[in-house]
Amino acid sequence: MMSTCTQPPASLEQLPDELLLQILKFSMHHEGQFYPEYCVHLFNESRRFRRLSRPGNQQRPHLQDWCMVNATSRSIRRVGKEVFFSCKTIAMSFDFPQRLRNGEFPAFGTPAEQQLALRLMRSINIVNMMATYPSTILQLPETLQVFPKLKHAMLSFGYSVYDQNMSFLSWILGVDDVWLVLRLLHEAGVPEKVVLQMGIHESLPRSEFLEFLELDVCPRLRDEVDRMKKAQSRK
C-alpha cells in the first residue's frame, strides 16, 4: 500500500551517497508527525481512502516522502529509509514496536526491513497511552529499548489509536509537573540520551492526571527501581 512510486531521474544513480543523503534530507517534509497505522487503517477502508489524497490531509506529504524513498532507484532505496526515519517523528500505538519486531506490519516491507525501521527511528510519539493503567508506563523502559537511536519520545495520554484530528500535542505537561516520573523512568532503564515528554488530551482533567502519576505511577516505578538496584548489588 505504501510503496507505490514513480521512477526518479536516472542521473540520481550517478550521485555519491553523501550528496544523495543531503538532497533527501533537504527534500523531506519535517513538520508534523507520520502515523503509518492511521494511513493503513484508512487505506483498508476503501470508503475513506480518499482522505489520504486530499491536499489538507496531514499525512499526505509524509506518504509522498515514503513513496520517494521506495523509488525504483537503487541508490535512493539504499539510503532513503535511513533519512526518512531519522527526519520524521513517527506516531504509533503502544504495541506498534512489538508488531515491527514480529514482522507484522508489511506496509514497512519485509520483517528485516521492519526491524531496520526500529533501529533507525529517532523521534516517536506513543499516542494511545492509557491514562488509567500504570502498567503501560511501567513497561516503557522495556518498550523503548528496541530503539537504539532514539533521541526523543512523547507519551500522549487520552488519545484514540486512530485519532481523526491527528492533533497529538493538545497539552504538553511541563517538566516541573512530571519531573519525578521522568527521572524514575530513566532510573528504571530508559536511556538518559532519550528526552521524554508527556502530553494529555484536552478532555483529560490535568489535576487528576497529575495525581494519578503521583499516587499510582511513581510508587510503582520507585519499587521497580529499588528491585533493580537490589538485583544489581547481588551480582
Side-chain angles (χ1 to χ4, degrees), residues 33 35 37 85-86 89-105 111-112 114-161 163 168-201 203-235:
Q33 305 176 45
Y35 196 174
E37 292 166 284
F85 288 113
S86 66
T89 293
I90 309 297
M92 63 184 65
S93 62
F94 188 81
D95 62 352
F96 188 60
Q98 189 61 43
R99 291 180 65 191
L100 292 180
R101 290 187 71 182
N102 295 339
E104 298 172 352
F105 192 72
Q114 294 175 54
Q115 294 174 19
L116 175 64
L118 284 174
R119 296 196 298 271
L120 294 174
M121 291 181 193
R122 300 185 182 183
S123 178
I124 65 174
N125 181 8
I126 302 178
V127 303
N128 68 327
M129 294 294 296
M130 299 297 292
T132 55
Y133 294 98
S135 59
T136 59
I137 301 179
L138 297 177
Q139 294 172 34
L140 275 171
E142 180 180 358
T143 299
L144 298 184
Q145 289 292 336
V146 302
F147 301 98
K149 291 190 176 183
L150 190 66
K151 294 183 177 180
H152 174 262
M154 169 65 72
L155 315 174
S156 297
F157 294 82
Y159 292 87
S160 164
V161 177
D163 191 332
F168 297 125
L169 306 179
S170 292
W171 198 340
I172 301 178
L173 298 172
V175 174
D176 291 343
D177 292 321
V178 295
W179 69 271
L180 180 56
V181 67
L182 297 184
R183 191 194 76 188
L184 289 170
L185 281 170
H186 283 299
E187 291 183 6
V190 175
E192 290 292 336
K193 66 177 183 177
V194 178
V195 176
L196 295 174
Q197 286 184 293
M198 288 187 174
I200 60 174
H201 193 276
S203 64
L204 282 180
R206 181 175 178 274
S207 59
E208 291 183 16
F209 180 75
L210 293 178
E211 183 178 1
F212 157 74
L213 293 179
E214 179 183 358
L215 300 181
D216 292 338
V217 175
C218 285
R220 299 191 189 194
L221 276 174
R222 194 176 287 111
D223 289 344
E224 176 63 16
V225 170
D226 290 342
R227 184 195 65 78
M228 292 171 61
K229 289 181 179 178
K230 290 178 181 178
Q232 187 67 28
S233 66
R234 290 195 292 266
K235 292 183 180 180

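This structure is a prediction, so every number in the text was calculated from the model and none was measured.
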| field | Interatomic spacing from OG in S86 to CG in L120 - rounded to 0.5 Å | value | 7.5 Å
| Minimum side-chain heavy-atom gap Q114-N102 below 4.5 Å | no
| I124 side chain reached by M92 side chain, heavy atoms, under 4.5 Å | yes
| After noting the C-alpha distance and the side-chain angles of L196 and L144, does the key distance pass the side-chain contact (heavy atoms from CB on, under 4.5 Å) rule? | CA-CA 11 Å; L196 295 174; L144 298 184; 4.0 Å; yes
| Is atom CD of E104 surrounded by more than 12 heavy atoms (other residues, nucleotides or ligands) closer than 6.0 Å? | yes
| Within-4.5 Å side-chain heavy-atom neighbours: F85 and K149 | no
| message | Are T136 and I126 packed together at the side-chain level, in the sense that at least one heavy-atom pair is separated by less than 4.5 angstrom? | response | no
| Taking atom OG of S135 and atom CG of D216, what is their separation to the nearest 0.5 Å? | 11.0 Å
| task | Output the distance between atom CZ (R222) and atom CZ (R227), rounded to the nearest 0.5 Å. | result | 16.0 Å
| query | Less than 4.5 Å apart, any side-chain heavy atom of I137 and any of L213? | reply | yes
| said: Using a 3.5 Å distance criterion without hydrogens, assess whether the side chain of E37 forms a donor-acceptor pair with backbone atoms of S93. | reply: yes
| task | Determine the minimum heavy-atom distance between P97 and L118, stating which atoms define it. | result | O-CD1, 3.8 Å
| said: How about NZ on K193, more than 12 heavy atoms from neighbouring residues, nucleotides or ligands closer than 6.0 Å, or not? | reply: yes
| query | Between E224 and R220, is the closest basic N to carboxylate O distance under 4.0 Å? | reply | no
| field | Residue among H152, K151, M154 satisfying side chain to side chain contact (heavy atoms under 4.5 Å, CB included) with S123 | value | H152
| task | Assess whether side-chain contact (heavy atoms from CB on, under 4.5 Å) is satisfied between R206 and D177, documenting all intermediate values. | result | CA-CA 10 Å; R206 181 175 178 274; D177 292 321; 2.3 Å; yes
| In Å, rounded to the nearest 0.5 Å, how long is the span from CG of L116 to CE of M121? | 9.5 Å
| said: Is it true that, when you exclude E211 itself, more than 12 heavy atoms of the residues, nucleotides or ligands shown sit nearer than 6.0 Å to its CD? | reply: no
| said: Looking at every non-hydrogen atom in both residues, tell me the closest pair between P141 and A188 and how far apart they are. | reply: CB-O, 3.5 Å
| request: Kindly say whether L182 contributes a backbone atom to a donor-acceptor pair with the side chain of E187 at under 3.5 angstrom? | output: no
| field | Whether Q33 side chain and A91 backbone form a donor-acceptor pair below 3.5 Å | value | no
| query | Side chains of F94 and L140: does their closest heavy-atom pair fall under 4.5 Å? | reply | yes
| note | In this structure, SG of C218 is separated from CG of L184 (nearest 0.5 Å) by 5.5 Å
| request: Report yes if the side chains of M198 and V181 come closer than 4.5 Å at any heavy-atom pair, otherwise no. | output: yes
| query | Does Q115 use its side chain to pair, donor to acceptor, with the backbone of R101 at less than 3.5 Å? | reply | yes
| request: Go through the steps for N125 and T89 under the test side chain to side chain donor-acceptor pair (under 3.5 Å), then give the verdict. | output: CA-CA 7 Å; N125 181 8; T89 293; over 6 Å; no
| query | Shortest non-hydrogen contact from V190 to V194? | reply | CG1-CB, 4.1 Å
| said: Can a donor-acceptor pair be found, under 3.5 Å and without considering hydrogens, that links the side chain of H201 to the backbone of F157? | reply: no
| query | Side chains of Q145 and P191: closer than 4.5 Å at any heavy-atom pair? | reply | yes
